[in-house]
S.K.: 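Following this message is one structure expressed as structure tokens.
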Amino acid sequence: MSTSRRATRPEGLRPEARRAIRGGFFGFFVDMFDIYLPIVVLAPALIYFTPAHLSSGTKGVITGSVFAATLLGRPIGAFVFGHLADRIGRKRVTTIALTGFGTATLLMGALPGYQHWGLTSIALLIVLRFIDGIFLGGEYTAASPLAMEYSPKHKRGLYGGIIQAGYPMAFFSISLLALGLLTAMPAGTLDSAYVQWGWRIPFVIGGLMAWGLAIYYKGKVEESEAFTASKKSATTRTVSPLRELFTGDSRKDFLQVFVLMSGFWLSVQPTAAVLPALLRDPIGLSYTKATLTLVITYILTTGSIIGGGVLSQRIGRRRFLIWSGVVVAVATPIFYGLAVGLRPGFAGTTALTVATTVCGFACWGVATTYVNERFRTGVRASGFGLGYSLAVIIPSFYAYFQAALDLVMPIQYTGIPLLVLGGILVVIGGAWGPETRDVDFGVPVPAATPARTGVRLA
């Protein structure tokens with residue numbers, strides 16, 4: 001290779017950058033592993049925490065409440081820990097948050113059931129999930145900006161997509177773990193091994209992974225250089241990050257991100273939280289086949305998310321968001337409706353589930369990168385964390401929206417209007433914001449104007 005070609009080749013990542021990006025990925029992996037413990041692991045053992053003979057609707061509301069409790073705690077964590085991450089550093093806050101949610105997860109794995117503590121058991125589970133959500137909100141609020149601030153500009157799309165791919169990989173891992181446990185100890189009656197103690201194993205694994213990652217951050221990951229430089233600048237430290245975020249131009253930026261992320265969350269809830277149950281009833285797959293379908297789906301979804309991040313680096317974030325929103329609003333509801341309506345057996349259902357999830361999740365490949373690019377260093381953790389987390393509150397009540405829609409349409413189709421609305425909001429949010437692909441971290445991103453819309457920023 002010639003000297004000139006060697007000189008123009010992009011340099012590899014420095015060791016501290018590799019460690020920060022690796023930590024961001026595994027942090028998001030552990031976060032998502034924890035988020036879906038109730039949906040994947042606890043659902044077959046829900047009888048352990050509830051009275052017998054509950055209707056399917058009531059069980060759905062309880063499962064939805066356990067799931068929503070975590071999501072509702074995340075904005076509080078983003079509010080508290082985002083401010084701290086912009087004040088005292090990304091690394092310290094990430095370590096604290098990982099330790100906190102690891103402890104909460106281990107406590108959940110030790111809870112007694114309804115037979116021992118009555119309804120107090122399910123109440124404590126919901127409370128612990130809420131506390132868990134607070135610390136989870138703090139983890140990605142600090143770890144993702146740290147990883148992005150170490151990522152070279154020309155590869156932020158790739159590394160942001162890799163971090164975001166921690167979600168499907170976590171879902172794949174937890175589904176495979178649940179499948180193995182349920183194969184070895186089938187759930188069913190209250191006295192079955194899985195219902196009594198088997199479900200606890202993934203909770204213990206999740207808690208220990210969080211503690212292990214906290215040790216990794218404490219000993220291996222260095223503070224962001226962009227944050228350190230920002231902290232030394234008096235002009236960026238005189239105003240509270242939260243105050244700056246909700247005033248002036250930053251407020252407009254935040255509102256745009258809020259609309260965009262609301263669309264993201266509405267696009268994910270009907271598939272991630274609802275579709276797994278629909279694979280059993282009404283589609284009619286056995287638990288083993290339904291879990292295998294999810295495993296296949298999330299392996300392929302991992303590629304679509306990373307590919308989405310790479311594509312956004314080539315064509316621009318704004319254009320990618322607009323077109324992915326169109327796909328979410330149009331293609332995803334079609335595949336979703338076909339899967340539920342046709343019930344085409346294992347192979348057909350798997351193909352349609354893959355198509356639904358890939359179309360609905362590809363847009364997430366740009367979420368970490370784009371939202372971090374929308375805010376300057378002094379408010380980046382607060383902007384990313386709150387923009388990412390506050391938007392989840394309304395979509396978290398998806399079970400109640402679907403219950404209301406059930407009055408006018410069959411319950412299995414009630415996810416379709418949410419997908420359409422989610423896609424529309426992604427289009428609006430993407431069109432409202434500027435192009436951010438070439439923005440330098442530490443430089444404010446201006447609001448979109450007709451003259452600059454779609455133009456790469458210098």
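Sequence positions, counted from 1, serve as the residue numbers for this chain.
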S.K.: How would you list, by chain and number, every residue that makes a side-chain contact (heavy atoms from CB on, under 4.5 Å) with Val259, sequence neighbours excluded?
M.R.: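 side-chain contact (heavy atoms from CB on, under 4.5 Å) check on Val259 returns Leu425, Ile428, Trp432.
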
S.K.: Between Phe49 and Trp117, is the ring-ring contact (aromatic ring centres under 6.0 Å, His included) condition met? List the steps.
M.R.: CA-CA 9 Å; Phe49 286 100; Trp117 285 8; over 10 Å; no

S.K.: Among all residues two or more places apart in sequence or in another chain, which pass the side-chain contact (heavy atoms from CB on, under 4.5 Å) test with Val358?
M.R.: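 Testing Val358 for side-chain contact (heavy atoms from CB on, under 4.5 Å), a comparison that skips the adjacent residues, returns Thr301, Ser304, Val354.
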
S.K.: Tell me, with the steps shown, if Leu125 and Leu42 meet side-chain contact (heavy atoms from CB on, under 4.5 Å).
M.R.: CA-CA 11 Å; Leu125 177 63; Leu42 201 54; 3.5 Å; yes

S.K.: List, one per line, each side-chain donor-acceptor pair under 3.5 Å for residues 165-186, sequence neighbours excluded.
M.R.:
unit_1, atom_1, unit_2, atom_2, d
Ser173, OG, Met169, O, 2.8
Ser175, OG, Phe171, O, 2.8
Thr183, OG1, Leu179, O, 2.7

S.K.: Give a yes or no on whether the backbone of Ala85 and the side-chain of Arg90 come within a donor-acceptor separation of less than 3.5 Å.
M.R.: yes

S.K.: For Thr293, which residues count as a side-chain hydrogen bond (donor to acceptor under 3.5 Å, both in side chains) partner, sequence neighbours excluded?
M.R.: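 Checked Thr293 against side-chain hydrogen bond (donor to acceptor under 3.5 Å, both in side chains); matches are Thr350.
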
S.K.: Can you check side-chain contact (heavy atoms from CB on, under 4.5 Å) on Leu352 and Val340, steps first, answer last?
M.R.: CA-CA 9 Å; Leu352 289 171; Val340 174; over 6 Å; no

S.K.: By side-chain hydrogen bond (donor to acceptor under 3.5 Å, both in side chains), which residues pair with Gln313, not counting sequence neighbours?
M.R.: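 Counting only residues at least two positions away or on another chain, Gln313 forms a side-chain hydrogen bond (donor to acceptor under 3.5 Å, both in side chains) with Arg317.
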
S.K.: Please list all pairs passing the side chain to side chain donor-acceptor pair (under 3.5 Å) test where one or both residues lie in residues 191-200, with sequence neighbours left out.
M.R.: Tyr48-Arg200

S.K.: Within a strict 4.5 Å, meaning less than it, do heavy atoms of the Leu292 and Phe346 side chains meet?
M.R.: yes

S.K.: Name the atoms and distances for all side-chain donor-acceptor pairs under 3.5 Å in residues 72-84, with sequence neighbours left out.
M.R.:
unit_1, atom_1, unit_2, atom_2, d
Arg74, NE, Tyr140, OH, 3.4
Arg74, NH1, Asp31, OD1, 3.1

S.K.: Keeping Gln256 on the side-chain end and Gly429 on the backbone end, is there a donor-acceptor pair under 3.5 Å?
M.R.: yes

S.K.: For a 4.5 angstrom cut-off between non-hydrogen side-chain atoms, does Val326 reach Val427?
M.R.: yes

S.K.: Measuring only between side-chain heavy atoms, which start at C-beta, is Val66 closer than 4.5 Å to Ile122?
M.R.: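 Val66 reaches Ile122 side chain to side chain.
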
S.K.: Side-chain contact test, heavy atoms from C-beta onward, threshold under 4.5 Å: evaluate it for Phe441 versus Glu373 and give yes or no.
M.R.: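 Heavy-atom side-chain distance check passes, below 4.5 Å.
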
S.K.: So is Arg22 actually on top of Tyr216's ring, under 6.0 Å and inside 45° of the axis?
M.R.: no

S.K.: Who are the side-chain hydrogen bond (donor to acceptor under 3.5 Å, both in side chains) partners of Ser144, not counting sequence neighbours?
M.R.: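 Scan of Ser144 (side-chain hydrogen bond (donor to acceptor under 3.5 Å, both in side chains), adjacent residues dropped) gives none.
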
S.K.: According to the side chain to side chain donor-acceptor pair (under 3.5 Å) rule, which pairs have a member within residues 325-346, sequence neighbours left out?
M.R.: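 For residues 325-346: none.
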
S.K.: List the residues meeting side-chain hydrogen bond (donor to acceptor under 3.5 Å, both in side chains) with Ser382, not counting sequence neighbours, and say none if there are none.
M.R.: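 Scan of Ser382 (side-chain hydrogen bond (donor to acceptor under 3.5 Å, both in side chains), adjacent residues dropped) gives Asp86.
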
S.K.: Are any non-hydrogen side-chain atoms of Arg156 and Val439 less than 4.5 angstrom apart?
M.R.: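 A side-chain contact exists here, since the closest heavy-atom pair is under 4.5 Å.
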
S.K.: Determine all donor-acceptor pairs shorter than 3.5 Å in which one atom belongs to a side chain in residues 397-404; sequence neighbours excluded.
M.R.:
unit_1, atom_1, unit_2, atom_2, d
Tyr400, OH, Ser65, OG, 3.2
Gln402, NE2, Thr414, OG1, 2.8

S.K.: Identify all side-chain donor-acceptor contacts of residues 103-110 below 3.5 Å with residues at least two apart in sequence or on another chain.
M.R.:
unit_1, atom_1, unit_2, atom_2, d
Thr103, OG1, Thr99, O, 2.9
Thr103, OG1, Trp211, NE1, 3.3
Thr105, OG1, Asp34, OD2, 2.3
Thr105, OG1, Phe101, O, 2.8
Thr105, OG1, Asp132, OD1, 3.4

